[in-house]
Structure formats: C-alpha cells, structure tokens
Amino acid sequence: MAPSNTKPVAVTDEVLQKSRVTVVGSGNWGSVAAKLIASNTLNINSFHDEVRMWVFEETVPSGEKLSEVINRTNENVKYLPGIKLPKNVVADPDIEHAVKDANMLVFVTPHQFMEGICKRLVGKIRKDAVAISLIKGMEVKREGPCMISTLISEILGISCCVLMGANIANEIAVEKFSEATVGYRDNKEIADKWVCLFNTPYFLVSAVQDVEGVELCGTLKNVVALAAGFVDGLDMGNNTKAAIMRIGLREMKALSKLLFPSVKDNTFFESCGVADLITTCLGGRNRRCADAFARNGGKRSFDELEAEMLQGQKLQGVSTAKEVYEVLSHRGWFELFPLFATVHQICSGRLAPSAIVEYTEHSARLPLL
C-alpha cells in the first residue's frame, strides 16, 4: 500500500498551540479559581481541558492525603467543602510536576510563601510561560515595598498580570454574581487571554492597564477590613463603620499614588477598588477575625483566632498591616496615614481596639494629594 500523503502536522501544531493552565495553590480561593478556569477550558478550544492544581499536601481526618481525596471525590474537603470541582481539575502535590507543561500559571497562595515558591520554580517552568497573581499582599524589603507580581516577574523572568476584585470565594463557588479586574502592564493581548480564561456569566472580568493600582487595592483593603472589624466588635454602629471605610479608601488611594505615581484614579472605581473594599469590610475573613479580636478586648491573639475560625486558611490583613507600617516608618509617613498606622498598633497589642476612632479626620494631613 502506498504511504498516505496526509500528514498530521496541522493537528499536532494545534495541540502544541493550546495553552495549558496550572493553578499554584489550592486553598479556598485557589480551589474556586480552579473551578472557574476548568469550566472554561472545557469549552474554549485554545486551552487544554486539563487544569493542574498544586496542592500543599496535608492529611485529612480520614487519614487520606488531601490531593488523593480531591482527585477521588472532585472536592477540596478541607478548604472548599460541599462544592464539586470539574472533573478536569487534577490535584498534584508535586509543584515542579504541576507546572512543568503549563504556559499559563495562576498564583494563589498566602503572600508570605511566594518568595520561597518562586525560588523553587526557577528553571522549572516553560520559557514561554506567563503568570497572573490573585495574591493580596506585598513583600517589604530594605529598598522598599515589592508587589507580589513584581516578585514573580523578577524571580521567574516572566510577565505577570494580576486579578483582584470583590471576590468572597464561597459566594463565587455557588455561582453568585460578582466582578473582578485584571491589571496588566503593557500587553493587552495577554490580558485579554486571562479575561477569557476567568470570565463566566456569573463572574464578569474586565481589564485595566494598571498593575500596581489593581494590586495595591487588593492588598490594602485587607488593612481597612481589620479596622471595620474592630468597629463591629466594639458595636460602634454603621455610621462609624462607613467613616472608617471612607478614610480607609482615601488612605489606600494616597499611599498607592505615593508609592507608584503611575497609579490611575479610575482604578479605585473598578471592582478591585471600592467594590472589593465594601465586600471585604462587610463579610471577609479579616473583618470577622478583627471583630472577634475586639470583642475579646485584644486579649486573644490573631494567630489563635485564625487557627480557631479559619480552618487552616490564612489571614492576610495582619501581616499586610505590619508591612505597611514598616513602609510608613521608613518613609516618615505616619502622620499622613493615621488609620493604617493605628491598625498595626492595635494588631500588635500596643493600642486597644477602641483606638481605631481615637483620632479625628483632621489628624491626617495629605498636602501632596
């Protein structure tokens, strides 16, 4: 029989061009992100169906490994119980194996672990990989604050966008309507691909050219949420809470623009800005733990409350408040940001929770803005 002239080159090229996605992180928000992404990769031809999800291996009460339970039941029984993940989500406890074939990396772990994770991945990822960070926090180094997206880009040598928004994970998990914002630096085509990967009828995603603005909104709102929680724990009422949220938004905007003058005013009116601040101050984990902290008169530590209330999840606000305080201290900006400074002093036990309202609006002087 004569050999066929038909060559499978086109099919092979098409397969090679399909993007592979790995989610680095499998907590509450990481699992929800994997659910969103996997529902889309099944229906969009430019993506491979399978979505790898790196799992920090743990043993669940049954004695099984968490990754094995996720793959057997399609459910993250520890961090997202009761929610079925698409069958094309594959839990992988080996981070190097999880990322090796992916050209789209979604980072969603507690921010304090990111530098170590990135260093582990040097030389282990594809040369054409791009990243997006869903992580809310910053690293404070001697030379100043370093955003997580910058950390990823500098250590791994890849482009990194960010996704932030009014995104309480458990509500998105049950497909209640919400929005999010992708922040990108210069490549709109990559930003559009991330939008395509995350966008669903119940999770509407838009893109803005302002990485630092989007990321700082997602980072700093957790500090304001602690302040809102103190107000709730002291039963100070809605007027006080609204005032704290307004002052907090102003400090978020002022600090963002002082650190990165390129930050755009309009970013604060996106989902990542005022909407995320509102939802986090009403219902997020930082607000809940700060409420409990204030009701106990500051006598129970945040570490204790985190362990009791969050089932293994991590608070971001307390560590971010400390990092912001270090920036303010280094720059001599305490008088400009009394709310941010006070939150850390309450968290560290230097001030009582009631100190959150023991300064006036006029104590903040922002002559530059």
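From a predicted model like this one, the values you see are computed outputs, not experimental measurements.
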Do any N or O atoms from the side chain of Asp210 and from the backbone of Lys264 form a donor-acceptor pair under 3.5 angstrom?
-> yes
May I ask you to test the Glu215-Met164 pair for a side-chain heavy-atom distance under 4.5 Å?
-> yes
Audit row: Arg295, Asp232, salt bridge (Lys or Arg N to Asp or Glu O under 4.0 Å) steps and yes/no | CA-CA 9 Å; Arg295 290 187 190 279; Asp232 286 344; over 6 Å; no
Would you please classify the geometry between the Phe340 ring and the Phe337 ring as parallel, tilted or perpendicular, with 30° and 60° separating the classes?
-> parallel
Evaluate the side-chain proximity of Leu258 to Leu336: yes if any heavy-atom separation is below 4.5 Å, no if none is.
-> yes
Is Asp235 atom CG crowded by more than 12 heavy atoms from other residues, nucleotides or ligands, each under 6.0 Å away?
-> yes
Side chain to side chain contact (heavy atoms under 4.5 Å, CB included) between Leu85 and Met53: does it pass, once the steps are laid out?
-> CA-CA 11 Å; Leu85 301 176; Met53 180 173 73; 4.2 Å; yes
Decide yes or no on side chain to side chain donor-acceptor pair (under 3.5 Å) for Asn222 and Asn286, but give the supporting numbers first.
-> CA-CA 6 Å; Asn222 283 330; Asn286 292 280; 3.1 Å; yes
Neighbour count above 12 (heavy atom, 6.0 Å) for Tyr202 OH = yes
Can you tell me if Thr41 and Asn88 form a side-chain donor-acceptor pair at under 3.5 Å?
-> yes
Aromatic centroids of Phe334 and Tyr325 separated by under 6.0 Å = yes
Do other residues, nucleotides or ligands put more than 12 heavy atoms under 6.0 Å from Lys176 NZ?
-> no
Would you name the heavy atoms of Met138 and Leu216 that are closest together and state the gap between them?
-> CE-CD2, 3.9 Å
Enclosure of Asn238 CG (heavy-atom neighbours >12, cutoff 6.0 Å) = no
Is the closest basic N to carboxylate O distance between Lys119 and Glu115 below 4.0 Å?
-> yes
